[in-house]
Undergrad: 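Once you've had a glance at the structure underneath, I'll fire off some questions.
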Amino acid sequence: MHATRVLVLNSGSSSLKYQLLDMRDASRLAVGLVERIGEQTSHLQHTFVGTGATRDHHGPIADHDTALKAVAEELARDGLGLDSPELAAIGHRVVHGGMFFTEPTVIDDAVLTEIERLIPVAPLHNPANLTGVRTAMALRPDLPQVAVFDTAFHTTMPESAARYAIDPKVADRYRVRRYGFHGTSHAYVSRATAELLGRAPEDVNVIVLHLGNGASASAVRGGRCVDTSMGLTPLEGLVMGTRSGDLDPAVIFHLRRVAGMSMDEIDTLLNKRSGLFGLCGDNDMREIRRRMDEGDDAARLAFEIYIHRLKKYIGAYYAVLGTVDAVAFTAGVGENAAFVREAAVAGLEGLGLAVDGERNAVRSGGARLISPEDARVAVAVVPTDEEMEIATQTYALVGNDG
(Lines give C-alpha, C1' and ligand atoms only; values in the text may rest on other atoms or scores of the structure.)
Protein backbone atom coordinates (compact mmCIF):
# COMPACT_ATOMS: atom_id res chain seq x y z
CA MET A 1 0.00 0.00 0.00
CA HIS A 2 1.33 3.42 -0.98
CA ALA A 3 1.06 5.78 1.98
CA THR A 4 -0.73 9.00 1.01
CA ARG A 5 -1.72 10.63 4.29
CA VAL A 6 0.08 13.57 5.91
CA LEU A 7 -0.48 14.80 9.44
CA VAL A 8 0.20 18.55 9.74
CA LEU A 9 1.15 19.89 13.18
CA ASN A 10 1.36 23.55 14.18
CA SER A 11 2.69 23.64 17.70
CA GLY A 12 2.38 26.92 19.61
CA SER A 13 3.57 27.78 23.09
CA SER A 14 0.30 26.59 24.67
CA SER A 15 -1.60 25.15 21.70
CA LEU A 16 -1.46 22.41 19.09
CA LYS A 17 -3.36 22.72 15.81
CA TYR A 18 -3.51 19.70 13.53
CA GLN A 19 -5.00 18.40 10.30
CA LEU A 20 -4.83 14.97 8.70
CA LEU A 21 -4.98 15.10 4.90
CA ASP A 22 -5.08 12.48 2.15
CA MET A 23 -2.88 13.70 -0.69
CA ARG A 24 -4.51 11.46 -3.29
CA ASP A 25 -7.26 14.03 -3.61
CA ALA A 26 -6.05 16.73 -1.16
CA SER A 27 -8.99 15.95 1.13
CA ARG A 28 -9.14 16.62 4.86
CA LEU A 29 -9.84 13.59 7.02
CA ALA A 30 -9.68 15.20 10.47
CA VAL A 31 -8.98 18.62 11.98
CA GLY A 32 -8.51 19.74 15.53
CA LEU A 33 -7.08 22.07 18.13
CA VAL A 34 -5.71 21.66 21.63
CA GLU A 35 -5.76 24.93 23.58
CA ARG A 36 -4.39 26.11 26.93
CA ILE A 37 -1.84 23.30 27.24
CA GLY A 38 -0.32 23.32 30.73
CA GLU A 39 -3.44 24.78 32.35
CA GLN A 40 -6.31 23.24 34.28
CA THR A 41 -8.75 24.51 31.64
CA SER A 42 -7.21 22.74 28.62
CA HIS A 43 -9.59 22.06 25.73
CA LEU A 44 -9.31 19.58 22.85
CA GLN A 45 -11.71 19.89 19.92
CA HIS A 46 -11.54 17.19 17.25
CA THR A 47 -13.62 16.96 14.07
CA PHE A 48 -13.89 13.81 11.94
CA VAL A 49 -14.59 15.28 8.52
CA GLY A 50 -16.15 12.07 7.20
CA THR A 51 -19.24 12.49 9.40
CA GLY A 52 -18.81 16.10 10.45
CA ALA A 53 -18.95 14.95 14.06
CA THR A 54 -17.03 17.08 16.58
CA ARG A 55 -15.84 15.87 19.97
CA ASP A 56 -14.86 18.24 22.79
CA HIS A 57 -12.76 17.36 25.81
CA HIS A 58 -12.19 19.68 28.76
CA GLY A 59 -9.68 19.17 31.54
CA PRO A 60 -5.97 19.56 32.27
CA ILE A 61 -3.46 18.60 29.56
CA ALA A 62 -0.05 18.95 31.17
CA ASP A 63 2.27 19.31 28.17
CA HIS A 64 2.66 18.87 24.42
CA ASP A 65 3.57 15.20 24.85
CA THR A 66 0.23 14.58 26.59
CA ALA A 67 -1.57 16.73 24.00
CA LEU A 68 -0.22 14.82 21.01
CA LYS A 69 -1.01 11.49 22.66
CA ALA A 70 -4.57 12.73 23.18
CA VAL A 71 -4.74 13.74 19.51
CA ALA A 72 -3.46 10.29 18.50
CA GLU A 73 -6.23 8.69 20.56
CA GLU A 74 -8.87 10.86 18.88
CA LEU A 75 -7.55 9.96 15.43
CA ALA A 76 -7.52 6.27 16.37
CA ARG A 77 -11.19 6.46 17.43
CA ASP A 78 -11.97 7.44 13.84
CA GLY A 79 -9.79 4.69 12.36
CA LEU A 80 -7.07 7.20 11.46
CA GLY A 81 -4.44 6.29 14.07
CA LEU A 82 -0.81 7.35 13.90
CA ASP A 83 0.13 3.68 13.53
CA SER A 84 -1.71 3.50 10.19
CA PRO A 85 0.41 2.25 7.27
CA GLU A 86 -1.32 4.92 5.18
CA LEU A 87 0.46 7.72 7.08
CA ALA A 88 3.35 8.88 4.89
CA ALA A 89 4.81 11.67 7.02
CA ILE A 90 4.22 14.33 9.63
CA GLY A 91 4.68 17.93 8.47
CA HIS A 92 5.59 20.60 11.01
CA ARG A 93 5.23 24.34 10.79
CA VAL A 94 8.49 25.90 11.96
CA VAL A 95 8.44 29.69 12.14
CA HIS A 96 12.11 30.59 11.72
CA GLY A 97 14.55 28.81 9.42
CA GLY A 98 17.02 31.66 9.03
CA MET A 99 19.07 31.60 5.83
CA PHE A 100 19.99 27.96 6.34
CA PHE A 101 16.63 26.46 5.38
CA THR A 102 15.32 27.54 2.01
CA GLU A 103 12.94 24.64 1.39
CA PRO A 104 11.08 21.84 3.23
CA THR A 105 13.54 19.64 5.08
CA VAL A 106 13.42 16.13 6.53
CA ILE A 107 14.22 16.55 10.22
CA ASP A 108 17.27 14.88 11.75
CA ASP A 109 19.54 15.75 14.66
CA ALA A 110 21.46 18.34 12.63
CA VAL A 111 18.23 20.08 11.62
CA LEU A 112 17.02 20.12 15.23
CA THR A 113 20.33 21.68 16.31
CA GLU A 114 20.05 24.44 13.71
CA ILE A 115 16.43 25.24 14.66
CA GLU A 116 17.63 25.48 18.27
CA ARG A 117 20.40 27.88 17.22
CA LEU A 118 17.73 30.16 15.75
CA ILE A 119 15.82 30.48 19.04
CA PRO A 120 17.37 33.93 19.81
CA VAL A 121 15.67 35.38 16.68
CA ALA A 122 12.38 33.53 17.30
CA PRO A 123 12.15 33.15 21.08
CA LEU A 124 8.35 32.82 21.15
CA HIS A 125 7.94 30.41 18.27
CA ASN A 126 10.87 28.08 17.63
CA PRO A 127 10.92 26.50 21.13
CA ALA A 128 7.24 25.56 20.80
CA ASN A 129 7.78 24.26 17.26
CA LEU A 130 10.70 22.13 18.51
CA THR A 131 8.57 20.68 21.30
CA GLY A 132 5.99 19.52 18.78
CA VAL A 133 8.65 17.98 16.55
CA ARG A 134 10.34 16.08 19.38
CA THR A 135 7.02 14.80 20.71
CA ALA A 136 5.98 13.53 17.28
CA MET A 137 9.39 11.93 16.70
CA ALA A 138 9.10 10.07 19.99
CA LEU A 139 5.65 8.72 19.02
CA ARG A 140 6.66 7.70 15.47
CA PRO A 141 10.47 7.53 15.25
CA ASP A 142 10.22 5.46 12.06
CA LEU A 143 8.19 8.08 10.17
CA PRO A 144 9.64 10.96 8.12
CA GLN A 145 9.14 14.26 9.92
CA VAL A 146 9.35 17.33 7.69
CA ALA A 147 9.89 20.95 8.73
CA VAL A 148 8.20 23.58 6.55
CA PHE A 149 9.58 27.01 7.41
CA ASP A 150 7.63 30.28 7.52
CA THR A 151 10.76 32.09 6.34
CA ALA A 152 11.69 29.82 3.43
CA PHE A 153 9.59 31.50 0.71
CA HIS A 154 11.31 34.81 1.45
CA THR A 155 14.87 33.51 1.06
CA THR A 156 14.68 34.42 -2.64
CA MET A 157 14.76 38.13 -1.72
CA PRO A 158 17.79 39.89 -3.23
CA GLU A 159 20.39 41.18 -0.78
CA SER A 160 19.26 44.72 -1.58
CA ALA A 161 15.90 43.90 0.00
CA ALA A 162 17.06 41.53 2.72
CA ARG A 163 19.92 43.56 4.23
CA TYR A 164 19.59 46.40 6.68
CA ALA A 165 21.91 49.38 6.19
CA ILE A 166 24.12 48.56 9.17
CA ASP A 167 27.73 47.34 9.52
CA PRO A 168 27.69 43.99 7.69
CA LYS A 169 30.20 42.45 10.13
CA VAL A 170 27.83 43.15 13.03
CA ALA A 171 24.81 42.05 10.98
CA ASP A 172 26.42 38.76 9.93
CA ARG A 173 27.75 37.93 13.38
CA TYR A 174 24.33 38.31 14.99
CA ARG A 175 22.23 37.16 11.99
CA VAL A 176 20.58 40.57 11.67
CA ARG A 177 18.73 40.73 8.35
CA ARG A 178 15.19 40.72 7.03
CA TYR A 179 13.79 37.18 7.02
CA GLY A 180 10.05 37.73 6.61
CA PHE A 181 7.28 35.48 7.91
CA HIS A 182 3.90 34.05 6.85
CA GLY A 183 5.88 32.61 3.93
CA THR A 184 3.77 29.46 3.68
CA SER A 185 0.69 31.63 3.22
CA HIS A 186 2.37 33.99 0.74
CA ALA A 187 3.59 31.01 -1.31
CA TYR A 188 0.14 29.41 -1.43
CA VAL A 189 -1.78 32.60 -2.14
CA SER A 190 0.56 33.88 -4.86
CA ARG A 191 0.29 30.55 -6.67
CA ALA A 192 -3.49 30.34 -6.18
CA THR A 193 -3.85 33.89 -7.52
CA ALA A 194 -2.03 32.93 -10.72
CA GLU A 195 -4.36 29.93 -11.01
CA LEU A 196 -7.38 32.20 -10.55
CA LEU A 197 -6.11 34.30 -13.47
CA GLY A 198 -5.57 31.18 -15.57
CA ARG A 199 -1.85 31.82 -15.83
CA ALA A 200 1.37 30.14 -14.73
CA PRO A 201 2.92 31.52 -11.51
CA GLU A 202 6.15 32.33 -13.34
CA ASP A 203 4.21 34.68 -15.64
CA VAL A 204 2.49 36.69 -12.90
CA ASN A 205 3.53 39.51 -10.54
CA VAL A 206 1.42 39.59 -7.36
CA ILE A 207 1.24 41.77 -4.26
CA VAL A 208 -0.01 39.52 -1.46
CA LEU A 209 -1.62 41.15 1.60
CA HIS A 210 -1.88 38.66 4.48
CA LEU A 211 -4.10 40.54 6.92
CA GLY A 212 -4.88 38.79 10.18
CA ASN A 213 -4.01 39.66 13.76
CA GLY A 214 -0.48 39.40 12.42
CA ALA A 215 -0.17 41.10 9.04
CA SER A 216 2.39 41.13 6.25
CA ALA A 217 2.73 42.10 2.61
CA SER A 218 4.92 40.57 -0.07
CA ALA A 219 6.00 41.39 -3.60
CA VAL A 220 6.11 38.20 -5.69
CA ARG A 221 7.68 38.33 -9.14
CA GLY A 222 7.10 35.26 -11.28
CA GLY A 223 6.50 33.01 -8.29
CA ARG A 224 9.52 34.24 -6.30
CA CYS A 225 9.40 36.63 -3.35
CA VAL A 226 11.46 39.77 -3.98
CA ASP A 227 10.37 41.77 -0.90
CA THR A 228 8.26 41.38 2.23
CA SER A 229 7.22 43.66 5.06
CA MET A 230 8.26 41.67 8.15
CA GLY A 231 11.94 41.69 9.02
CA LEU A 232 14.29 40.13 11.57
CA THR A 233 11.13 39.43 13.59
CA PRO A 234 7.40 39.63 12.84
CA LEU A 235 7.30 43.15 14.38
CA GLU A 236 8.33 45.12 11.28
CA GLY A 237 5.94 46.33 8.59
CA LEU A 238 2.17 46.76 8.62
CA VAL A 239 0.05 47.90 11.56
CA MET A 240 -1.18 44.68 13.19
CA GLY A 241 -3.60 43.61 15.90
CA THR A 242 -1.20 44.22 18.78
CA ARG A 243 2.12 44.98 17.03
CA SER A 244 3.28 48.44 16.01
CA GLY A 245 4.85 47.55 12.68
CA ASP A 246 7.30 50.14 11.32
CA LEU A 247 8.57 52.85 13.65
CA ASP A 248 11.71 54.95 14.10
CA PRO A 249 14.22 52.71 15.96
CA ALA A 250 15.10 55.73 18.11
CA VAL A 251 11.66 55.42 19.75
CA ILE A 252 13.18 52.53 21.71
CA PHE A 253 16.15 54.65 22.90
CA HIS A 254 13.78 57.49 23.75
CA LEU A 255 11.51 55.29 25.87
CA ARG A 256 14.54 53.79 27.61
CA ARG A 257 16.20 57.12 28.40
CA VAL A 258 13.28 59.47 28.89
CA ALA A 259 10.52 57.19 30.18
CA GLY A 260 12.88 54.87 32.06
CA MET A 261 11.22 51.80 30.56
CA SER A 262 13.14 48.51 30.65
CA MET A 263 13.88 46.63 27.43
CA ASP A 264 11.32 43.97 28.42
CA GLU A 265 8.69 46.67 28.98
CA ILE A 266 9.40 48.19 25.57
CA ASP A 267 9.29 44.74 23.98
CA THR A 268 5.87 44.12 25.55
CA LEU A 269 4.65 47.57 24.50
CA LEU A 270 5.59 47.14 20.84
CA ASN A 271 4.53 43.49 20.46
CA LYS A 272 1.48 43.19 22.71
CA ARG A 273 0.14 46.68 23.48
CA SER A 274 0.49 48.48 20.15
CA GLY A 275 -1.11 48.24 16.73
CA LEU A 276 -4.89 48.51 16.61
CA PHE A 277 -5.17 47.40 20.24
CA GLY A 278 -2.74 50.05 21.42
CA LEU A 279 -4.44 52.76 19.38
CA CYS A 280 -8.05 52.12 20.37
CA GLY A 281 -8.25 49.20 22.80
CA ASP A 282 -9.59 46.69 20.24
CA ASN A 283 -7.77 44.41 17.81
CA ASP A 284 -10.91 42.85 16.30
CA MET A 285 -11.67 44.62 13.02
CA ARG A 286 -15.39 43.84 13.36
CA GLU A 287 -15.51 45.66 16.70
CA ILE A 288 -13.53 48.57 15.27
CA ARG A 289 -16.03 48.85 12.40
CA ARG A 290 -18.94 48.82 14.86
CA ARG A 291 -17.33 51.59 16.91
CA MET A 292 -16.58 53.65 13.78
CA ASP A 293 -20.24 53.38 12.75
CA GLU A 294 -21.15 54.79 16.18
CA GLY A 295 -18.84 57.76 15.67
CA ASP A 296 -15.93 56.60 17.87
CA ASP A 297 -12.95 58.86 17.05
CA ALA A 298 -10.28 56.54 18.49
CA ALA A 299 -11.49 53.61 16.40
CA ARG A 300 -11.67 55.83 13.30
CA LEU A 301 -8.10 57.07 13.77
CA ALA A 302 -6.80 53.52 14.40
CA PHE A 303 -8.43 52.38 11.15
CA GLU A 304 -7.03 55.32 9.21
CA ILE A 305 -3.49 54.62 10.47
CA TYR A 306 -3.92 50.94 9.54
CA ILE A 307 -5.09 51.79 6.00
CA HIS A 308 -2.46 54.50 5.49
CA ARG A 309 0.33 52.00 6.22
CA LEU A 310 -1.30 49.37 4.01
CA LYS A 311 -1.52 51.78 1.07
CA LYS A 312 2.13 52.76 1.49
CA TYR A 313 3.15 49.12 1.12
CA ILE A 314 0.91 48.56 -1.90
CA GLY A 315 2.54 51.56 -3.57
CA ALA A 316 6.05 50.53 -2.54
CA TYR A 317 5.66 47.01 -3.87
CA TYR A 318 4.11 48.31 -7.07
CA ALA A 319 7.37 50.25 -7.50
CA VAL A 320 9.52 47.21 -6.60
CA LEU A 321 7.72 44.99 -9.13
CA GLY A 322 7.40 47.57 -11.91
CA THR A 323 4.32 45.86 -13.31
CA VAL A 324 1.59 44.25 -11.21
CA ASP A 325 -0.93 41.70 -12.44
CA ALA A 326 -2.85 41.23 -9.21
CA VAL A 327 -3.26 42.32 -5.60
CA ALA A 328 -4.50 39.45 -3.42
CA PHE A 329 -6.12 39.83 0.01
CA THR A 330 -5.96 36.87 2.39
CA ALA A 331 -6.20 35.73 6.05
CA GLY A 332 -8.93 36.63 8.56
CA VAL A 333 -9.26 40.36 7.88
CA GLY A 334 -8.25 40.18 4.22
CA GLU A 335 -10.80 37.48 3.45
CA ASN A 336 -13.73 38.79 5.50
CA ALA A 337 -13.55 42.59 5.88
CA ALA A 338 -14.87 44.04 2.62
CA PHE A 339 -14.58 47.60 4.00
CA VAL A 340 -10.82 47.09 4.60
CA ARG A 341 -10.30 45.93 1.00
CA GLU A 342 -12.31 48.87 -0.35
CA ALA A 343 -10.40 51.41 1.75
CA ALA A 344 -7.01 49.90 0.90
CA VAL A 345 -7.35 50.54 -2.84
CA ALA A 346 -9.51 53.69 -2.71
CA GLY A 347 -7.75 56.48 -4.58
CA LEU A 348 -5.35 54.11 -6.34
CA GLU A 349 -7.24 54.13 -9.64
CA GLY A 350 -4.20 55.73 -11.25
CA LEU A 351 -2.35 52.49 -10.57
CA GLY A 352 -5.13 50.49 -12.18
CA LEU A 353 -6.55 49.37 -8.84
CA ALA A 354 -10.25 49.38 -8.01
CA VAL A 355 -12.89 47.14 -6.46
CA ASP A 356 -16.38 46.50 -7.74
CA GLY A 357 -18.79 47.22 -4.87
CA GLU A 358 -21.12 44.29 -5.57
CA ARG A 359 -18.33 41.77 -6.10
CA ASN A 360 -16.50 42.98 -3.00
CA ALA A 361 -19.62 42.58 -0.84
CA VAL A 362 -20.10 38.91 -1.74
CA ARG A 363 -19.10 36.53 1.06
CA SER A 364 -17.61 33.30 -0.22
CA GLY A 365 -15.17 30.64 0.89
CA GLY A 366 -13.57 30.46 -2.53
CA ALA A 367 -10.98 32.47 -4.43
CA ARG A 368 -12.62 35.26 -6.42
CA LEU A 369 -11.99 38.50 -8.28
CA ILE A 370 -13.47 41.67 -6.76
CA SER A 371 -12.15 44.15 -9.34
CA PRO A 372 -14.28 45.49 -12.23
CA GLU A 373 -14.42 43.42 -15.40
CA ASP A 374 -12.14 45.77 -17.35
CA ALA A 375 -9.63 46.40 -14.54
CA ARG A 376 -5.98 46.81 -15.53
CA VAL A 377 -4.87 45.06 -12.32
CA ALA A 378 -6.86 42.19 -10.84
CA VAL A 379 -7.87 42.57 -7.20
CA ALA A 380 -8.62 39.21 -5.62
CA VAL A 381 -9.69 37.57 -2.39
CA VAL A 382 -7.81 34.28 -2.03
CA PRO A 383 -8.42 32.26 1.16
CA THR A 384 -5.11 31.05 2.52
CA ASP A 385 -4.55 27.39 3.33
CA GLU A 386 -1.27 27.02 5.19
CA GLU A 387 -2.03 23.46 6.31
CA MET A 388 -2.62 22.36 2.72
CA GLU A 389 0.61 24.07 1.65
CA ILE A 390 2.56 22.33 4.43
CA ALA A 391 1.00 18.97 3.50
CA THR A 392 1.71 19.52 -0.20
CA GLN A 393 5.35 20.42 0.40
CA THR A 394 5.79 17.55 2.86
CA TYR A 395 4.29 14.97 0.52
CA ALA A 396 6.28 16.28 -2.44
CA LEU A 397 9.43 15.66 -0.42
CA VAL A 398 8.69 12.19 0.98
CA GLY A 399 5.60 10.87 -0.81
CA ASN A 400 7.51 8.84 -3.37
CA ASP A 401 9.21 6.94 -0.58
CA GLY A 402 5.94 5.51 0.73
Side-chain angles (χ1 to χ4, degrees), residues 1 3-95 107 125 128-148 184-185 188 212-213 331-332 335 365 383-395 402:
M1 177 189 297
T4 59
R5 293 176 184 170
V6 174
L7 177 64
V8 175
L9 297 179
N10 182 352
S11 182
S13 57
S14 61
S15 66
L16 179 66
K17 287 194 284 189
Y18 64 94
Q19 291 194 14
L20 181 66
L21 301 99
D22 192 325
M23 302 315 292
R24 282 176 298 190
D25 55 4
S27 61
R28 283 173 175 78
L29 303 176
V31 301
L33 170 66
V34 188
E35 297 179 284
R36 298 187 291 278
I37 295 171
E39 300 179 24
Q40 293 297 308
T41 57
S42 306
H43 174 218
L44 189 162
Q45 184 175 77
H46 173 90
T47 300
F48 177 41
V49 176
T51 62
T54 295
R55 297 191 290 269
D56 284 279
H57 300 279
H58 298 269
I61 295 176
D63 50 33
H64 285 74
D65 184 56
T66 308
L68 190 53
K69 286 175 179 172
V71 168
E73 288 176 13
E74 290 304 313
L75 290 168
R77 285 180 64 182
D78 297 325
L80 304 169
L82 293 192
D83 58 351
S84 169
E86 294 183 63
L87 189 60
I90 298 177
H92 298 266
R93 177 191 181 220
V94 179
V95 166
I107 300 169
H125 298 96
N129 301 155
L130 277 167
T131 300
V133 170
R134 289 195 170 107
T135 300
M137 290 177 87
L139 281 180
R140 282 297 306 269
D142 58 311
L143 201 65
Q145 312 266 341
V146 175
V148 178
T184 311
S185 175
Y188 177 87
N213 192 48
E335 293 169 29
T384 192
D385 196 336
E386 294 174 88
E387 288 79 15
M388 182 62 72
E389 182 70 11
I390 291 169
T392 300
Q393 292 191 24
T394 297
Y395 191 65

Undergrad: Check L143 against A88 and note the closest heavy-atom contact, atom names and distance.
TA: CD1-O, 3.8 Å
Undergrad: For D142, enumerate each residue passing the side-chain hydrogen bond (donor to acceptor under 3.5 Å, both in side chains) test, keeping only those at least two apart in sequence or located in another chain.
TA: R140
Undergrad: Do T54 and Q45 have side chains that approach each other closer than 4.5 Å (heavy atoms only, starting at C-beta)?
TA: yes
Undergrad: With a 4.5 Å heavy-atom cut-off, do I37 and H64 have their side chains touching?
TA: yes
Undergrad: Does either side chain, that of S27 or that of D22, offer a donor lying less than 3.5 Å from an acceptor on the other one?
TA: no
Undergrad: When you measure from the side chain of T394 to the backbone of I390, do you find a donor-acceptor pair of N or O atoms at a distance under 3.5 Å?
TA: yes
Undergrad: Let me have the donor-acceptor pairs involving side chains of residues 14-21, under 3.5 Å, with sequence neighbours excluded, atom names and distances please.
TA:
| residue | atom | partner | partner atom | Å |
| --- | --- | --- | --- | --- |
| Y18 | OH | H46 | ND1 | 2.7 |
| Q19 | OE1 | R28 | NE | 2.6 |

Undergrad: E335: what forms a side-chain hydrogen bond (donor to acceptor under 3.5 Å, both in side chains) with it, not counting sequence neighbours?
TA: T330
Undergrad: Checking the side chain of R5 only, and the main-chain atoms of E86 only, is there a donor and an acceptor separated by less than 3.5 Å?
TA: no
Undergrad: Please examine the side chains of M23 and T392, heavy atoms only from C-beta on, and report whether any two atoms are closer than 4.5 Å.
TA: yes
Undergrad: Is L9 close to L68 at the side-chain level, that is, under 4.5 Å between some pair of heavy atoms?
TA: yes
Undergrad: Just wondering, do Y395 and T4 contact through their side chains at under 4.5 Å, heavy atoms?
TA: yes
Undergrad: For residues L44 and E74, determine if any side-chain heavy atom of one lies less than 4.5 Å from a side-chain heavy atom of the other.
TA: yes
Undergrad: Quick one: does T135's side chain get under 4.5 Å of M137's, heavy atoms only?
TA: no
Undergrad: Give a yes or no on whether the backbone of V95 and the side-chain of N129 come within a donor-acceptor separation of less than 3.5 Å.
TA: yes
